[in-house]
Amino acid sequence: MRSLFCLLAALLLCAQPARAWEYWGGDRGGQRFSPLTQITSDNVGTLLRGWEFRTGDLDTRPPEVMKRTKFEVTPLFVEDSLIFCTPFNEVIALDPGTGAQKWRFDPKISMAQRPANRFVCRGVAHWTDDRAAESAACKSRIFTGTNDRRLIALDARTGKPCADFGNAGEIRIDAGMKLEWPGEFQITSAPVTGRGVVVVGSAIGDNRRVDAPLGAVRAFDARTGQPLWSFDPLVHNGVEAGHSNVWAPMSVDEERGLVFLPTTSPSPDFWGGKRPGNDEHANSVVALRIETGELAWAFQTVHHDVWADYDLPAQPTLARIDTGDGQRDVVIQPTKQGFVFVLDRDTGQPVWPVEERAVPQNGAEGEKLSPTQPFPTHVPPLLTQRMTADDVAGLLPGIGSSACEKLLAQSRNEGLYTPPSTQGTVIYPMTGGGVNWGGAAFDPVNQILYANVSHAAHIVTLIPRDQAKGFNPPPGHEFGQQEGAPFAMSRALAKSAVGSPCNKPPWGETVAVDLKAGKILWHSSVGTSEDLAPLGVALNTGTPLVNGVAITAGGLVFTGAMDAYLRAFDARSGRQLWLGRLPVPGVANPMTYLWKGEQYVVIGAGGHSEAGTSIGDSVVAFRLPRQGEGASLWTRLIDWPGGRFTAKAVAAGLVLVALIALLWRWRHSRRSRSA
């Protein structure tokens, strides 16, 4: 039966024209799957760099500003252009074959605002007005949100603002209250569109205060900018909290007229004594009628979140799957804990059982924890969910890491959902995931889900209010006042004395899951320490992976990492087949498209300041070699992990040998003269 389904799905894909990458997640439902087959597991090893485009930020922005950037963008391929945004919300259109700039729009955001989540723009949205004449201005539109909370509409063909949208092409989002500083409220992920409506979420500074800005999701008429509705995920009856917002990418089912929201934890993150109960509809997949904002259904993945950012960071993936009992339209929601929830798209009910299981209790003073949390039973977790002393990485073979062992021993550590405490609590997986904003990819032919996961732990410590004033956090520790709560907080990565994560590598993997069988097919380590370790030493440790993957009908999984390479893996086995050198790490989701008979794979390569990588401003495209082209000697010898370190070591060795030879000749000549 499965073979028949795969054959029918393949025939359906072949009958369609090759789809472009028209949405942030590839399609409206974020499957990140391309039916293109020109690049395959047999020829991917020959990929060459087709072009590189630099935005110019590295040359024109102050260095102290560039240190606060995250280049997480995924371009769209629309209107015969590759269109993307920079961390400073400039929108740029490129020629897809050469990377030459076609147009550019600069919203001129302030460099002094210090946005809470740094300068970042993950992508833009495209919408076509089917009522407008073919030649009309702004028939084809690009929508982008900004770090200074504007929603802007541009003509997709020219980059000029759409005069009929809002105020001369833009709407300034009202935060609803006075902000503590200009960057407390920003827009980081791409808007979504459907049925003539554009919907936008927000990112709000975490761990600052109980009374934070509301996390309302807002919808506007895509033609005029007229406000249509807003939806606050947090039910405020008897609850003292500000936001449960939607900072992550959203999805749209145009046929059903639904928009799917991945909502966050309420403020403050680490103590919820003033927000009793389960905090509906925080930490939930929420389905709304896109034209009215009416609630269709909601499913909560964490009750009363006090683990700071066990929110839903990933775009809900819309797919049609074979459940074993027939085909069903579903919403697939991966989480930072490594869970995969599979929900019926019409009702929000789990397709396979979800159990409420008892979790650790005895939270901080004034806390009222949920006694249980939901655990999916059919699809196994994508990673382990507890760190023990056996998981501590040794500094050398047979030698443990005393700093990590001590840190683990003195912290509260009862497994997943151990509550934050004043003694310090091990949060594993860390609050960055598991799965993060890169989301999952779904192969509709083979019914396989692919996702990147990170393996690392945070140590979270609650600081009593009378000790919080004037608290000076140690280097590498995040500090949040959580004003209005009886505790401030401190959070830090559990690191060894040499700065590496305390747990054993790999620290980042790509995972493949057979959803129908409920079986992990493979794990593959992704990334090396080359861009993070001293001297560029390239240890095969894997790196934390907040970004996601793109998959193709050619049987490939493409992903970036926190070293400067784009990689391709075999979708069936997880074996690495190719890597392509980037100017700096590509901590972004790749995409692929067909242009004039050639398939390109593109990734944003600008680094990630939070991770401590090198910073850049490039978009890089790879393609198969044309007649007479081939890999250069430099690419073969140097452009691989450790290649530069090896070259430098060899060069240093040659210099040392030359110096020794010169010294020997000098001493020999002196002896000769003395004789």
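Since we're looking at a predicted model, the values are computed, not measured.
- What you find for Ile142 and Ala156 is that their closest heavy atoms are CG1-CB, 3.8 Å.
- Between Glu22 atom CD and Leu76 atom CG the span is 9.0 Å, to the nearest 0.5 Å.
- Rounding to the nearest 0.5 Å gives a distance of 11.0 Å between CG of Asp148 and CD1 of Ile173.
- With hydrogens and angles left out, the side-chain atoms of Asn547 and Trp437 include no donor and acceptor closer than 3.5 Å.
- Considering only residues two or more places apart in sequence or on other chains, Phe569 meets the ring pair (Phe, Tyr, Trp, His ring centres under 6.0 Å) condition with none of them.
- For Leu214, the side-chain contact (heavy atoms from CB on, under 4.5 Å) test picks out Asp232, His236, with sequence neighbours left out.
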**OP:** Tell me, with the steps shown, if Lys469 and Glu483 meet salt bridge (charged side-chain N to carboxylate O under 4.0 Å, His left out).
**Re:** CA-CA 11 Å; Lys469 187 175 182 180; Glu483 294 176 359; over 6 Å; no

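- Distance check: Thr635 OG1 to Trp640 CH2 gives 13.0 Å after rounding to the nearest 0.5 Å.
- The stretch residues 604-613 participates, sequence neighbours left out, in these side-chain hydrogen bond (donor to acceptor under 3.5 Å, both in side chains) pairs: Lys70-Glu610, Glu72-His608, Arg118-Ser609.
- Gly201 and Ile187 make their closest contact through O-CG1, 3.7 Å (heavy atoms, listed as atom of the first residue, atom of the second, distance).
- Applying the salt bridge (charged side-chain N to carboxylate O under 4.0 Å, His left out) rule to Arg114 yields no partners; only residues at least two apart in sequence or on another chain are considered.
- For Pro641, the side-chain contact (heavy atoms from CB on, under 4.5 Å) test picks out Thr528, Ala538, Tyr565, Arg567, Leu579, with sequence neighbours left out.
- A distance of 6.0 Å or more separates the ring centres of Tyr600 and Phe622.
- Across every non-hydrogen atom of Pro429 and Leu416, the tightest pair is CD-CD1, 4.1 Å.
- Test Thr461, Asp206, Thr431, Asp269 against Arg491 for side-chain hydrogen bond (donor to acceptor under 3.5 Å, both in side chains) and you get one pass: Thr431.
- No more than 12 heavy-atom neighbours from other residues, nucleotides or ligands sit within 6.0 angstrom of CH2 on Trp634.
- The structure places NE2 of His243 at 10.5 Å from CZ of Phe185, a figure rounded to the nearest 0.5 Å.
- Salt-bridge annotation for Arg54 and Asp617: present, with a side-chain N of the basic residue lying under 4.0 Å from a carboxylate O of the acidic one.
- Val511 is not listed as a side-chain neighbour of Leu383, based on a closest heavy-atom distance of 4.5 Å or more.
- Across Asp106, Thr146, Asn147, a single residue satisfies side-chain hydrogen bond (donor to acceptor under 3.5 Å, both in side chains) together with Asn89, and that is Asn147.
- The minimum heavy-atom distance between Pro182 and Gln113, with the atom names listed, is CB-CB, 4.1 Å.
- Residues Pro87 and Val120 form no side-chain contact, since every pair of their non-hydrogen atoms from C-beta on lies 4.5 Å or further apart.
- The pair Glu180-Arg209 meets the salt-bridge criterion, since a charged nitrogen lies less than 4.0 angstrom from a carboxylate oxygen.
- The minimum heavy-atom distance linking Ala440 with Leu449 is given by the pair CB-CD1, 3.7 Å.
- The ring pair (Phe, Tyr, Trp, His ring centres under 6.0 Å) test applied to Tyr428 returns no partner, not counting sequence neighbours.
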